[in-house]
Amino acid sequence: MDSSEELKKIKDISVDDVSSIKQTMEAINKGGLGMALIVEPGSECFKGLVTDGDIRRALLDGQGLESPVSVVRRPESKTAPIGTSREEIVTMFSDKVRAIPLLNDNKQVVDLVVFDRRVHFPISEPVLDVKELVYVSECILTGWVSSAGKFVTRFEEMFAEFCGTKFAIATSNGTTALHLALLALGIGPGDEVIVPSLTFIATANSVTYTGARPMFADSETETWNIDPGAIEDLITSRTKAIIPVHLYGHPADMDPILKIAAKYHLKVIEDAAEAHGATYKGLRVGGIGDMGVFSFYGNKMVTTGEGGMVVTNDKGFAERIRILRDHGMSKERRYWHPVIGYNYRLTNLQAALGVAQMERIDTILQMKRDIAAIYDSGLGEIPGITLPPRKSWAQNVFWLYSIIVDSQVLGISRNELIEQLKNRGIETRPFFPPVHKQPCYGIDISLPKAEYLSANGLSLPSSPTLNKDNIRRIVKVVRNVVNNMSM
Ligand SMILES: *Cc1c(COP(=O)(O)O)cnc(C)c1O
């Protein structure tokens with residue numbers, strides 16, 4: 001719309017104070033924006049804004065169509081002087097304020113900024129393009145849509161190479177990958193497995209599926225990952241394994257964990273579901289412990305829709321996982337099942353997506369680093385915001401760019417910040433509740449660091465589909481929200 005059209009529209013939806021409700025409804029109808037502007041007769045100074053909802057409530061309250069619009073009760077409207085930046089205006093929106101008239105020096109409306117639901121910054125969206133379409137189409141055109149087919153093998157080979165491991169076994173999702181890794185270790189009823197409490201629940205659930213018990217460790221404040229110093233206290237004669245999680249893309253401190261594991265003869269499964277490509281002392285995660293597990297859910301670093309992978313350098317584990325993934329069927333004899341297995345296979349269709357995604361993973365990793373750099377420089381100076389960990393021995397992949405909020409210093413609570421950002425089209429996500437507090441586990445212990453991080457952490461939009469300007473705008477909105485609060 002050019003500016004003369006804009007002005008005409010503003011004229012169309014303007015009524016004066018003495019207009020009737022009916023005339024106002026006609027103006028609303030004409031504009032198609034669900035609202036009308038009330039202006040002073042003659043001077044056309046802005047006096048207020050009525051929405052069709054305000055009018056509906058007035059009619060329900062007993063007002064008639066011929067009552068003057070001045071009887072309609074309406075929330076005070078916000079305005080901004082013409083020339084105010086878009087970023088500034090965005091921060092003025094809330095669940096009640098969905099339109100901001102821009103006024104000239106004479107207080108006349110010269111523009112109207114309406115909240116656009118389509119302007120929305122999602123937390124994590126996949127990067128899907130022609131390549132994905134071509135490979136998936138190939139499955140359909142050749143009929144290889146189920147779990148046999150060349151893409152499964154290719155995806156496994158590519159992923160093993162990416163992680164620097166000898167073997168990679170694709171599974172139906174990250175949770176089944178964890179389950180198979182535990183089963184390959186022979187873990188079952190009576191055993192205990194140490195997991196961080198601050199993680200997605202699947203880490204603990206996979207242990208529970210085997211009949212073993214997850215034992216919850218506290219986190220370190222600095223990396224948000226399992227505190228190696230909290231592990232030894234949890235070790236008993238039943239302990240069989242430790243599952244460190246590389247939370248939100250930053251590696252756990254593996255050396256002390258491996259040292260404890262060696263001392264007590266425990267196995268280590270890395271839950272790298274959120275950290276494809278992250279490195280610990282130069283090594284890609286997943287290949288550092290006895291086994292590593294990945295997820296390809298839609299919001300992860302790369303996706304197959306649903307999907308998972310176990311990587312390992314141990315041939316025995318790899319073979320056991322392949323058998324368990326396929327109904328426990330003997331490799332030598334078809335339909336002969338020495339053990340009870342599962343159907344945890346990935347389909348060729350999904351693997352086709354996976355191959356296309358692995359061909360672009362370096363680009364995705366770079367995009368995530370670029371996003372993180374912009375956030376770092378924009379948010380780093382704000383007292384009360386702690387940026388994501390960046391240990392010298394690690395490379396964070398910033399699966400979700402996450403921060404910890406000190407509400408005392410910032411003047412706004414984590415949940416309020418989430419709400420304020422949501423009203424401005426910015427989707428965020430609070431940290432996972434610690435698993436020991438989940439109703440399905442409900443264990444009466446206190447893990448203060450995990451609980452603190454969980455209560456004060458939030459993830460910001462991290463989709464590689466967001467461009468640099470989008471991230472800069474998000475930074476600006478966060479800064480404005482925080483500044484408005486602390487004033
Ligand atoms: C996503 C995730 C999983 C589970 O993966 P799914 O593919 O969703 O089953 C496991 N652990 C962590 C830490 C995750 O983030």
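Note that the numbering runs from 1 along the sequence shown for the chain. Order of listing sets the numbers, starting from 1, for every ligand and every atom in it.
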Students should find this: residues with any non-hydrogen atom under 4.0 Å from ligand 1. What is the answer?
N173, G174, T175, T199, F200, A202, T203, V245, D271, A273, E274, S295, K300, G307

Distance-only donor-acceptor hits, side chain of residues 377-387, under 3.5 Å, sequence neighbours excluded:
residue : atom : partner : partner atom : Å
S377    : OG   : A373    : O            : 3.4
S377    : OG   : I374    : O            : 3.2

Do the numbers put R414 on top of the ring of F431, so that NZ or CZ is under 6.0 Å from the six-membered ring centre and no more than 45° off the axis?
no

Parallel, tilted or perpendicular: which one describes the rings of F162 and F159, with boundaries at 30° and 60°?
tilted

Regarding S197 and H436, is there a side-chain donor-to-acceptor distance under 3.5 Å anywhere?
yes

Quick check: Y375 with F398 (ring centres under 6.0 Å apart)?
no

Please report the shortest heavy-atom distance between P244 and I242, naming the atom on each side.
CD-O, 3.4 Å

